[in-house]
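Chain identifiers are assigned alphabetically (A, B, ...) following the order of the sequence lines, protein sequences preceding nucleic acid strands; residue numbering begins at 1 within each chain. These numbers come from the heavy atoms of this one structure, side chains and all, not from hydrogens, waters or symmetry mates.
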Amino acid sequence: MVRLRVVDLPIPDVLRDFIVRERGVQELYPPQEEAVRRGLFDGRNLIMCTSTATGKTLMAELAMVNAVLTRGVKAILAVPLRALAYEKARDLRVYERLGVRIAVTTGEYDKDDAWLMNYDIVVTTYEKLDSLLRHRVDWLRRVGVLVIDEIHYVDDDKRGPTIESIIAKVKALGLDMQLLALSATVGNAEELAKYLNAELVVSDWRPVRLREGVYYDGVIYYADGSRESIKDLGNPVLSLVMNTILDGGQALVFTNSRSNTVKLAQQLAQYICNYGVKVIEPRELSKVSGAILESSQSRLLGEELAKIVRCGVSFHHAGLDMDVRSIIEDSFRNRLIRVVVATTTLAAGVNLPARRVIIHDYRRYEPGFGMEELPVMEYKQMSGRAGRPGLDPYGEAILIARGEDEVDYLIKNYINARVEDVKSKFLTDKNLATHILSAIASGYASSVGDVMRFISSTLGYVQGSYDKNEFLRGLLRRKIDDILNFLMESGFLERRDDYVAATTLGLLLNTLYLDPYTANTYIRGLRVREETNDLGYAHLIVQSPEVPRLRVRRNEFDDYLQLVLDNWDYLLVKPSITKDEIEDGEFEDEEIEDYLSTVKTAVMLLDWANEASEDDLLKNYDVGPGDLRVYGDLMNWLVSAVARLAGALNMEKHMERLSTLRWRLTYGIREELMELVINLEGVGRARARALYNAGFKSVIDIANADPKLISGIRGFGDRLARSVVEQARKIVEEGKVVKPTATDTNREMSRQVIGKRRGSLLDYL
DNA sequence: ACTTCCCCTATATAGACAGCATGTC
DNA sequence: CTATATAGGGGAAGT
């Protein structure tokens, strides 16, 4: 079959030549060709539902760059992950040579959005795009192409409604833009296309052949009916992995828990090293291993990992710090590391293909639901990682069966199964409340009718058949009324007849990106007392469902109960049972389990803010360096958000206390280090502590110091020492030393020691 | 007396977006 | 309310 050639595309010559020359693409893949035929370059809305590596991204690039070059409009590319945003932007930068200006903006990086005006293609996350729409940035009018990547995320409970909200806002603005949606294969592609008013491209075509099968008892049963016996080494994963790497390939193993990831990787490493498998390169690997040791924040985790990396094996999960993760990913791409055992971290974002993908568990624990089978969609995401285009002759995805009858079951329910439909989660109370408030506060709706119209442009509305059924529409209207009432009672909204408007508080929530239910909890908590202790504040912050909660072990129950009793008056959110009931033991464990979870999480965060080492936090709470980064990010956002709420409500004491806690909780430092960490780039908790202990306690101390003295301190080299001193001198000269508002922590309020766990710094409380 | 094995029970269980301030991609 | 794998304890059986 003759494929459509790039040179025949209806796009400018420069772009055609560029694609052929720089991208090395001569001909289009069938799905790409179909996209062109369906009007990609005619400004038609389009949705592509195809598997990974079928060139959806190239089509998006072409559509965007073409629009920029020919029509002089801007383009937006919205993706689900920050890392993905940076990656796509990096790839897009090659078009800078055609004069196309590329920018990335995400919440973590950017403050002001005005500078984006000067760029042609803006790569961003869903949430940041929603935020841009909330602020009604004026350059939005000049956007001609909107690409939504991985749009099957509309199924996600939390993130999906944001996508729908984006679409509803774009519609409400009446912006004239081409919508291009990219999706993994989903069950209801037609429905999505209809919702988006888009042409549909569906295809199961793949650039590398994929063989799918199930392993059981020494045999791989392929879905096409063929089977292959491999050497059974007792352990299914081990057998499959050895079979792969002895054949010169690489394997990616997916499993359902972090501990499994470590355990499996260790077993594999032990086997490979003990039996002296020759395919690995020990010299190079020990370099990698050294790099990991060096960059790991937690020595424990680093050593655990470094040890097995020497054997060409690694584990990978979100508890690892970013740099360790990228070392692993890079070494896998370089083929030094032959096997990575990962949780789903790797299935979603990072592009890390391998000859063989092994799916160790097809079930996963869902809190509140027990063990649940993986959706077919996730299986497809994982199996889609199999086979590197142009490098491997084919890719393989192998599921592991625990019993003989499971073989057919897995073939039927995964390999040959239809992918699930994508279902909107927009019409739940929480999502409705957030997005209705957002629509009103940002001026997309000023009456109940507007709200209804706004909602009618969501997928949830279409899927609920509300457009077709008057009775259902009545129900929905009543539900919206309830939510409007809730927002009014909470003081976020005002209403006169049919007209609605956000209050100052409501506007604040909208810009803080805080959901109304959480904000309500925060405000009620703040009203309980004028001031409270650190535990009280940390515990209040943790009430947000955004904060991952630690589980309380049985043997910790009593310690935390005691802590609750001792701090009863200071806790701004009380459990559902009374103090007397706790003291008399008149309750079931389940009644307070969730509450204690929040307490434990707060305690961990305070340990962090009291400079507990990362190793101790890992030991005591099973919280890895990667998790700490997430917690730190969250604290930076949530604590300052609560401080802003307190400010809006004129609660000065709260505000003051929260403003120091914010820094302590985000950076994991005691108050005395705040000045150093806040003012000096390259100085975090560890270096700040080292500086402080060496007598450099303030920016002035450092400005007056000899860089040579500082370079001798642990964690400093010559360069960093000089940079820090330079920075300090500069800000002192300019009189710009930021003095964080500090108040005396009232330590005497709650002296309390928890448990006998080693390293806990809770005695401070 | 000591080890081994089996059964029962307790325990633990994935990931990662967003604000604002200040003065750069 | 929902599940399962694993580690550890305790006791019975085996050496």
Side-chain angles (χ1 to χ4, degrees), chain A residues 78-86 89-90 93 96 101-116 118-119 122-132 134-135 153 156-163 254-261 263 316-320 322 342-349 360-374 378 402 434 438 508-515 518 544 546-548 550-556 590 622 626-627 629-631 633-634 636-645 647 662 678 731 736 738:
Chain A
V79 300
L81 305 177
R82 294 200 283 235
L84 222 47
Y86 298 125
R90 204 191 47 224
R93 277 214 223 283
E96 280 179 344
R101 295 157 299 180
I102 315 290
V104 203
T105 179
T106 70
E108 106 184 309
Y109 189 48
D110 260 305
K111 310 102 189 182
D112 176 24
D113 308 314
W115 65 276
L116 294 168
N118 303 317
Y119 290 79
V122 176
V123 188
T124 185
T125 55
Y126 305 141
E127 285 73 11
K128 182 65 183 184
L129 174 54
D130 186 39
S131 168
L132 292 171
R134 288 186 186 203
H135 291 283
Y153 262 83
D156 189 282
D157 208 9
K158 226 170 40 196
R159 321 254 337 252
T162 307
I163 299 177
F254 285 108
T255 184
N256 64 2
S257 77
R258 290 182 182 185
S259 58
N260 267 336
T261 248
K263 206 186 61 201
H316 186 292
H317 57 67
L320 304 176
M322 271 320 202
T343 54
T344 50
T345 349
L346 272 186
H360 183 251
D361 318 271
Y362 67 97
R363 279 188 280 229
R364 177 179 54 206
Y365 178 80
E366 298 282 350
F369 294 89
M371 281 319 241
E372 290 240 306
E373 298 197 347
L374 283 186
E378 267 187 58
R402 301 284 190 285
T434 321
S438 153
L508 186 60
L509 298 199
N510 188 44
T511 52
L512 290 176
Y513 227 90
L514 214 52
D515 89 83
T518 309
S544 162
E546 309 298 329
V547 182
L550 304 175
R551 288 173 61 92
V552 183
R553 293 193 191 88
R554 267 307 180 269
N555 59 1
E556 298 172 327
E590 297 76 52
D622 205 18
D627 303 305
R629 220 187 78 91
V630 171
Y631 278 112
D633 268 5
L634 277 168
N636 195 20
W637 166 38
L638 290 175
V639 184
S640 61
V642 177
R644 291 286 297 273
L645 286 179
R662 174 218 176 160
I678 294 171
I731 40 188
K736 282 188 182 159
V738 180

For this session: Would you indicate what A:N260 reaches in the nucleic acid, counting non-hydrogen atoms under 4.0 angstrom: base, sugar-phosphate, or nothing?
Result: nothing

Seminar exercise, completed: Whichever of A:E378 and A:T511 has the more 5' nearest nucleotide on DNA chain B, that residue is A:E378

For this session: Kindly give the heavy-atom pair with the smallest separation between A:W115 and A:A103, and that separation in Å.
Result: CZ3-CB, 3.6 Å

Problem set entry | Shortest non-hydrogen contact from A:A85 toward A:T106 | CB-CG2, 4.2 Å

For this session: Under 4.0 Å between any heavy atoms, over every strand shown, what does A:R662 touch: base, sugar-phosphate, or nothing? Just pick one.
Result: base

Exercise. How would you label the contact of A:H135 with the nucleic acid (heavy atoms, under 4.0 Å): base, sugar-phosphate, or nothing?
Worked result: sugar-phosphate

Exercise. Who is the Watson-Crick or G-U wobble partner of B:dG23, with both distances under 3.5 Å?
Worked result: none

Exercise. For DNA chain B, whose closest nucleotide is more 5', that of A:R644 or that of A:S259?
Worked result: A:S259

Tabulated below should be each protein N or O lying under 3.5 Å from an N or O of nucleotides 1-4 of chain C; please produce it.
from	atom 1	to	atom 2	distance (Å)
C:dT2	O4	A:G368	O	2.2
C:dA3	O4'	A:M371	N	2.8
C:dT4	OP1	A:R363	NH1	3.2

For this session: Output yes when A:D515 and A:K158 qualify as a salt bridge under the 4.0 Å nitrogen-oxygen rule, no when they do not.
Result: no

Exercise. With a non-hydrogen cut-off below 4.0 angstrom, is A:P367 in contact with a base, only sugar-phosphate, or nothing?
Worked result: nothing

Exercise. Which value, in whole Å, describes the distance between the C1' atoms of nucleotides C:dC1 and B:dC20?
Worked result: 44 Å

Exercise. Under 4.0 angstrom, heavy atoms only, what part of the nucleic acid is A:R551 near: base, sugar-phosphate, or nothing?
Worked result: base

Problem set entry | Main-chain N/O of A:E127 paired with A:S131 side-chain donor or acceptor, under 3.5 Å | no

Exercise. So what does A:L634 hit on the nucleic acid, given a heavy-atom distance under 4.0 Å: a base, only sugar-phosphate, or nothing?
Worked result: base

Problem set entry | Presence of A:R82 side-chain N/O under 4.0 Å of B:dA18 phosphate oxygens OP1/OP2 | yes

Exercise. A:M322 has an atom CE; how far is it from atom P of B:dC17, in whole Å?
Worked result: 7 Å

Seminar exercise, completed: From the candidates B:dA14, B:dA16, B:dG19, the one with an atom nearest any side-chain atom of A:P548 is B:dA16

For this session: Consider only side-chain N and O atoms of A:R134 and A:N510, and report whether a donor and an acceptor are under 3.5 Å apart.
Result: yes

Exercise. Looking only at atom P, what distance separates C:dT2 and B:dG19, rounded to whole Å?
Worked result: 39 Å

Problem set entry | Note: A:D633-A:R82 ion pair, threshold 4.0 Å (strictly below) | yes

For this session: With sequence neighbours excluded, tell me which residues meet side chain to side chain contact (heavy atoms under 4.5 Å, CB included) with A:V552.
Result: A:E556, A:F557, A:Y560, A:L596, A:S597, A:K600

Seminar exercise, completed: Quick note, A:W637 side chain, CB onward, closest among B:dG15, B:dC17, B:dG19 is B:dG19

Exercise. Which part of the nucleic acid, if any, lies within reach of A:T344 when heavy atoms closer than 4.0 Å are counted: base, sugar-phosphate only, or nothing?
Worked result: base

Exercise. Sub-3.5 Å donor-acceptor pair from the side chain of A:T125 to the main-chain atoms of A:K128, do we have one?
Worked result: yes

For this session: Could you work out which one of B:dG19, B:dA14, B:dC25 sits closest to the side chain of A:Y119?
Result: B:dC25

Pairs under 3.5 angstrom, nitrogen or oxygen only, protein versus nucleotides 6-8 of chain B, please.
none

For this session: Could you let me know what B:dC17 is paired to, Watson-Crick or G-U wobble, both distances under 3.5 Å, or none if it's on its own?
Result: none

Exercise. Does A:Y119 reach the main-chain N or O of A:V104 with its side chain, forming a donor-acceptor pair under 3.5 Å?
Worked result: no

Exercise. Taking atom P of B:dA10 as reference, at what distance in whole Å does atom CD of A:E590 sit?
Worked result: 13 Å

Exercise. Base, sugar-phosphate, or nothing for A:D361, non-hydrogen atoms under 4.0 angstrom?
Worked result: nothing

Exercise. Less than 4.0 Å between a side-chain N and a carboxylate O, is that true for A:R159 and A:D130?
Worked result: no

Problem set entry | Side-chain donor/acceptor of A:T343 to backbone N/O of A:R258, under 3.5 Å | no

Problem set entry | With sequence neighbours excluded, residues passing side chain to side chain contact (heavy atoms under 4.5 Å, CB included) with A:F369 | A:E366, A:E372

Problem set entry | Gap between atoms CG and P, on A:L81 and B:dG15 respectively (whole Å) | 13 Å

Problem set entry | Distance, rounded to the nearest Å, where A:D622 contributes CG and B:dA12 contributes P | 9 Å

For this session: Take atom NE2 of A:H317 and atom P of B:dA16, then tell me their distance rounded to the nearest Å.
Result: 12 Å

Seminar exercise, completed: Of the candidates B:dA18, B:dG15, B:dC20, the side chain of A:Y513 sits closest to B:dA18

Exercise. Nearest of B:dC25, B:dA18, B:dT13 to any side-chain atom of A:W115?
Worked result: B:dC25

Exercise. Looking across every strand, which nucleic acid part, if any, lies under 4.0 Å from A:R554 by heavy atom: base, sugar-phosphate, or nothing?
Worked result: sugar-phosphate

Problem set entry | Among B:dG19, B:dC17, B:dA16, the nucleotide that comes nearest once only the side chain of A:S131 is considered | B:dG19

So which protein N/O to nucleotides 8-10 of chain C N/O distances come out below 3.5 Å?
none

Problem set entry | Interatomic distance where CG belongs to A:L512 and P belongs to B:dA21 [whole Å] | 10 Å

Seminar exercise, completed: With both pairing distances under 3.5 angstrom for Watson-Crick or G-U wobble, and | for a partner in another strand, the correct string for DNA chain C is ..|||||||||||||

For this session: Would you indicate what A:K263 reaches in the nucleic acid, counting non-hydrogen atoms under 4.0 angstrom: base, sugar-phosphate, or nothing?
Result: sugar-phosphate

Exercise. Taking N and O atoms by type only, does the side chain of A:S640 place a donor or acceptor under 3.5 Å from a partner on the base of B:dG19?
Worked result: yes

For this session: Using only side-chain N and O atoms of A:R93, determine if any of them is under 4.0 Å from OP1 or OP2 of B:dC25.
Result: no

Exercise. With a 4.0 Å cut-off on heavy atoms, is A:A641 in touch with a base, just the backbone sugar-phosphate, or nothing at all?
Worked result: nothing

Exercise. Could one point to a donor on the side chain of A:T343 or the base of B:dA14 with an acceptor on the other under 3.5 Å away?
Worked result: no

Problem set entry | Closest heavy-atom pair and its distance - A:D156, A:P161 | O-CD, 3.3 Å

For this session: Could you tell me which non-hydrogen atom of A:N256 sits nearest to which non-hydrogen atom of A:R364, and how far apart they are?
Result: ND2-CA, 4.1 Å

For this session: Starting at atom CZ of A:F254, determine the distance to atom P of B:dG15, rounded to an integer number of angstrom.
Result: 12 Å

Problem set entry | A:Y631 and A:P548, any side-chain heavy atoms less than 4.5 Å apart | yes

